[in-house]
Amino acid sequence: MSNEKKQESCRQPIGVFDSGMGGISVLRELVKVMPHEDFIYFGDSVNAPYGTRPTEQIRDLTIHHVESLMAQGAKGVVVACNTATSAAVAVLRKMYPQLPLVGIEPALKPAAVQKPGSRIVVMATPMTIKQEKFCNLMKRYEDKIRIVPLPCPGLMEFVERGDLNGDDLREYLQKLLTPVMKEPVDGIVLGCTHYPFVREMIQQVVGDKVTIYDGGSGTAREMRRRLQEKDLLNPKQERGQVRFYNSRDTEEELALCRSLFEK
Ligand code: DGL
């Protein structure tokens, strides 16, 4: 690549994709570790939730949206959705081997490192938990921690509605978590990028002694490493810009994106 072309590529934005609003929890971490980068965030709220759809559909939707971020000039893409990562990232890597592409997976590693021997609940969409990728991840850590997968159908919808601390949410979480709390829980892994937005309520329901893990900051650092490796970090000194797009293209939706980003 010529020097000029390289400089041009460095100045291109990073694409961030999720089935809806959840990936904004990862975007916040990306901006923290790469404040000088520009970002394009796309959420596919029209087709959300992905977590109850068949794998082929999730794969096709994800490929389509990642390609559209590339067509808008993204120099790298973060699939900020555990569900879309398990369904599509391996295929995307084969299709675009040169593209810095980072997915997200439930953060079992920090739980295993910090609390060996503990009982860890993994909250995720039904689809993430069913995937082979998750089974392989569990196998990697099951001799270090006791893993309890907990599918949470319906939870991401609270975030999509912007309902982050209402009574309905509290009731939903109590009903969901009470059975797994019959035995002591040491940690909870948030295996869906929507869930960090309801982290406080989860903490209230499970109590202060339970450590909550999420994979957002690790994913952001991985993207920075990948861009650095390819010499693609933006050299500009001023703060980057973030542009939001959503398949449900209404002012309310975009206002919710911005307000979640500011949280
Ligand atoms: N945010 C997505 C994840 O991390 C899933 C939400 C959905 O079901 O669409 O898994």
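Counting begins at 1 with the first residue of the sequence. When a ligand or atom number is given, it counts from 1 through the structure's own listing order.
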Present, as a list of atom pairs with distances to 0.1 Å, all nitrogen or oxygen contacts under 3.5 Å between ligand 1 and the protein.
residue, atom, partner, partner atom, Å
ligand 1, 1 (N), Asp18, OD1, 3.1
ligand 1, 1 (N), Thr193, OG1, 2.9
ligand 1, 1 (N), His194, ND1, 2.8
ligand 1, 4 (O), Asn82, N, 2.8
ligand 1, 4 (O), Asn82, ND2, 3.0
ligand 1, 4 (O), Thr193, N, 2.8
ligand 1, 4 (O), Thr193, OG1, 3.3
ligand 1, 8 (O), Tyr50, N, 3.3
ligand 1, 8 (O), Gly51, N, 2.8
ligand 1, 9 (O), Ser19, OG, 2.6
ligand 1, 9 (O), Tyr50, N, 2.7
ligand 1, 10 (O), Asn82, N, 3.4
ligand 1, 10 (O), Thr83, N, 3.1
ligand 1, 10 (O), Thr83, OG1, 2.6

query: Can you name the side-chain contact (heavy atoms from CB on, under 4.5 Å) partners of Ile14, sequence neighbours left out?
result: Met34, Glu37, Phe39, Lys75, Val78, Met223, Leu227
field: Pairs meeting criterion ring-ring contact (aromatic ring centres under 6.0 Å, His included) with involvement of residues 214-258, two or more places apart
entry: Tyr41-Phe244, Phe244-Phe261
message: Taking ring-ring contact (aromatic ring centres under 6.0 Å, His included) as the definition, give me every residue that meets it alongside Phe42, ordered by chain and number, with sequence neighbours left out.
response: His65
- prompt: Between Arg258 and Glu251, is the closest basic N to carboxylate O distance under 4.0 Å?
  reply: yes
message: Taking Ser45's backbone N and O only, do any of them form a donor-acceptor pair with Arg248's side chain (distance below 3.5 Å, no angle check)?
response: yes
message: Under a 3.5 Å threshold, yes or no: a donor from one side chain and an acceptor from the other, between Tyr96 and Glu67?
response: yes
